Amino acid sequence: MNQQEIEQAAKLLKQGRLVAFPTETVYGLGADARSEKALAELYRVKGRPTDHPVIVHLATPDWIPRFALADQRALALAQRFWPGPLTMILKRKPDVPDAVTGSQDTVGLRMPSHPVALRLLNAFGNGLAAPSANRFGKVSPTTAEHVRLDLGHDVAMVLDGGPCDVGVESTIVDLTTDTVKILRPGAITATQLREVLSEVEHGQSKTRAPGTLESHYAPATQSELVAPEHLQTRLHQLKGQRVAVWSATKPEGAEFWLEAEKEATDYARTLYSNLRQLDAGDYDFILIEEPPAGEQWTAATDRLKRATA
Ligand code: TXA
Ligand code: MG
């Protein structure tokens with residue numbers, strides 16, 4: 001990606017336009033986090049209810065004080081995991097637009113590691129509000145092509161940084177309470193967080209968080225998540241329908257089969273593109289085999305549960 005494209009994107013953002021850009025997790029739909037006009041456009045294009053907060057992306061932990069009050073825990077986490085797939089929910093500064101925070105007294109911050117995202121943030125010079133670059137409730141994008149298919153002309157520019165490495169959205173931790181809570185599982189696990197902080201729990205957000213709604217990331221085709229031991233029976237029950245099966249090994253009688261990745265990181269990286277591929281096929285039904293147990297699979301399993309809810 002040449003610097004001219006980055007400068008052009010930063011210029012559009014300064015004019016209040018929307019620019020989609022790659023991060024290591026998924027593509028983000030970027031808007032000036034200080035501009036009411038840009039944020040209004042962001043919500044319109046995304047089709048997201050305006051009381052749902054968005055994450056602000058930063059080029060450096062030094063920008064945290066522009067948006068939030070950082071305590072020792074936040075600084076320690078930033079030191080260890082930034083740039084990377086970790087979002088921290090912190091007490092906001094009073095001048096952060098309500099459109100960013102959903103009128104709450106907190107704000108979500110993250111410093112992404114994708115070089116294109118960092119170059120864009122540095123060229124822009126301030127925080128970018130960026131939800132995943134898909135319409136509300138739909139499958140998240142992990143390539144520039146996914147973004148163009150979803151958002152088309154509603155976005156001023158799409159920066160193409162190739163397919164995303166991580167493939168699922170950042171881990172979200174709430175640092176506004178004594179015990180740190182994981183609001184959304186991602187590539188950074190509870191075990192990793194506990195290397196820095198003593199107390200970390202899996203929690204539920206008191207606040208509205210679309211990625212934590214029961215149904216989200218959903219394909220249009222009817223989809224079901226099944227335990228490996230029930231896969232064969234379920235396929236048999238659906239006889240007569242065009243059923244696509246996504247599993248580690250091919251079940252007997254499966255006409256359309258997509259092989260599931262065996263490594264958790266590979267599985268996560270290809271999760272959304274596989275869901276899109278299955279959804280684009282002319283199937284009546286998608287049967288998805290539950291991933292194995294284990295902490296490294298938590299994020300993928302979480303997204304699949306919501307995709308099939
Ligand atoms: O990996 C990611 O986090 C990607 C990339 C683009 O950075 N972004 C992303 O954004 O997933 P989005 O908007 O699709 O999901 C952000 C989640 C939502 O569930 C939102 O409600 C939650 O973060 N969130 C943001 N600010 C919050 C706040 N102040 N309190 C609670 N939840 C918050
Ligand atoms: Mg999203």
Side-chain angles (χ1 to χ4, degrees), residues 1-48 50 52-68 82-85 87 92-93 95-102 107-136 140-166 169-170:
M1 168 122 2
N2 63 44
Q3 193 57 23
Q4 221 176 332
E5 268 180 276
I6 300 279
E7 296 297 338
Q8 172 67 13
K11 192 171 149 197
L12 288 164
L13 287 164
K14 281 174 191 159
Q15 293 166 356
R17 311 279 301 278
L18 305 182
V19 172
F21 62 94
T23 82
E24 72 280 25
T25 58
V26 300
Y27 273 70
L29 181 60
D32 181 350
R34 295 275 174 199
S35 160
E36 303 280 353
K37 175 188 157 221
L39 293 164
E41 178 67 359
L42 180 71
Y43 279 90
R44 188 190 69 77
V45 167
K46 181 88 185 151
R48 182 189 251 185
T50 48
H52 287 266
V54 286
I55 296 171
V56 178
H57 294 67
L58 311 176
T60 156
D62 296 345
W63 290 3
I64 295 175
R66 298 184 188 185
F67 295 92
W82 281 8
T87 296
R92 66 183 264 188
K93 285 279 172 75
D95 60 346
V96 180
D98 279 344
V100 165
T101 66
V107 62
L109 301 179
R110 152 166 139 81
M111 177 186 174
S113 67
H114 197 293
V116 172
L118 289 172
R119 283 169 66 193
L120 179 66
L121 285 161
N122 279 305
F124 181 69
N126 210 340
L128 288 176
S132 50
N134 54 286
R135 310 263 186 213
F136 184 62
S140 306
T142 52
T143 67
E145 186 60 20
H146 293 163
V147 179
R148 288 190 205 102
L149 286 171
D150 269 11
L151 303 180
H153 295 296
D154 278 345
V155 47
M157 191 171 177
V158 181
L159 292 176
D160 190 343
C164 302
D165 266 355
V166 176
E169 297 83 348
S170 59

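Note that the structure is predicted; figures quoted are calculated from it, not measured. Residue numbers count from 1 along this sequence.
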Original post:
Minimum heavy-atom separation for Pro141 to Val26, with atom names?
Top reply: O-CB, 3.4 Å
Subject >> Candidate pair Phe67 and Thr101, rule side chain to side chain contact (heavy atoms under 4.5 Å, CB included), full reasoning >> reply: CA-CA 10 Å; Phe67 295 92; Thr101 66; over 6 Å; no
Subject >> Which atom of Leu39 lies closest to which atom of Pro97, heavy atoms considered >> reply: CD1-CB, 3.8 Å
Subject >> Straight-line distance of Asn122 CG to Leu58 CG, nearest 0.5 Å >> reply: 11.0 Å
Original post:
Who passes side chain to side chain donor-acceptor pair (under 3.5 Å) against Ser170, sequence neighbours left out?
Top reply: Thr87, Arg184
Original post:
How would you list, by chain and number, every residue that makes a side chain to side chain donor-acceptor pair (under 3.5 Å) with Asp98, sequence neighbours excluded?
Top reply: Arg92
Original post:
What closest approach, in Å, do Leu159 and Ala144 show between heavy atoms, and which atom pair accounts for it?
Top reply: O-CB, 4.5 Å
Kindly list each side-chain donor-acceptor pair under 3.5 angstrom involving residues 4-15, sequence neighbours excluded, with atom names and distances?
from: Glu7; atom 1: OE2; to: Gln3; atom 2: NE2; distance (Å): 3.1

**OP:** Please list all pairs passing the side chain to side chain donor-acceptor pair (under 3.5 Å) test where one or both residues lie in residues 30-41, with sequence neighbours left out.
**Re:** Glu41-Arg44
Original post:
Just wondering, do Lys93 and Pro65 contact through their side chains at under 4.5 Å, heavy atoms?
Top reply: yes
Original post:
If only atom types and distance count, is the side chain of Arg135 paired as donor or acceptor with the main-chain N or O of Asp150 below 3.5 Å?
Top reply: yes
Original post:
Got a sec, which residues hit salt bridge (charged side-chain N to carboxylate O under 4.0 Å, His left out) with Glu145, two or more places apart in sequence or on another chain?
Top reply: Arg148
Subject >> Sequence-distant partners of Asp165, side chain to side chain donor-acceptor pair (under 3.5 Å), two or more places apart >> reply: none
**OP:** Identify, with sequence neighbours excluded, every residue that meets side chain to side chain contact (heavy atoms under 4.5 Å, CB included) alongside Thr60.
**Re:** Asp62, Trp63
Original post:
About how many Å separate OH of Tyr43 and CZ of Arg48, when rounded to the nearest 0.5 Å?
Top reply: 6.0 Å
**OP:** Identify the two heavy atoms, one from Leu18 and one from Ala38, that lie closest to each other, and give their separation to 0.1 Å.
**Re:** CD2-O, 3.8 Å
Original post:
What pairs with Arg66 under salt bridge (charged side-chain N to carboxylate O under 4.0 Å, His left out), at least two apart in sequence or on another chain?
Top reply: none
Original post:
Which pair of non-hydrogen atoms, one from Val54 and one from Ala129, has the smallest distance, and what is that distance?
Top reply: CG2-CB, 3.7 Å
Original post:
Any salt bridge (Lys or Arg N to Asp or Glu O under 4.0 Å) pairs touching residues 110-119, not counting sequence neighbours?
Top reply: Glu24-Arg110
**OP:** With side chain to side chain contact (heavy atoms under 4.5 Å, CB included) as the test, would you mind laying out the steps for Val45 and Val155 before giving the verdict?
**Re:** CA-CA 8 Å; Val45 167; Val155 47; 5.8 Å; no
**OP:** For residues 52-61, pull every pair meeting salt bridge (Lys or Arg N to Asp or Glu O under 4.0 Å), keeping only residues two or more places apart or in separate chains.
**Re:** none
Subject >> OG1 on Thr142 to OH on Tyr27, rounded to 0.5 Å >> reply: 8.5 Å
Original post:
For Ser132, which residues count as a side chain to side chain donor-acceptor pair (under 3.5 Å) partner, sequence neighbours excluded?
Top reply: Lys46, Asn134
**OP:** Output all residues satisfying side chain to side chain contact (heavy atoms under 4.5 Å, CB included) with Ala130, sequence neighbours left out; order by chain, then residue number.
**Re:** Phe21, His57
Original post:
Where is the tightest heavy-atom contact between Leu42 and Leu29, given as atom of each residue plus distance?
Top reply: CD1-O, 3.3 Å
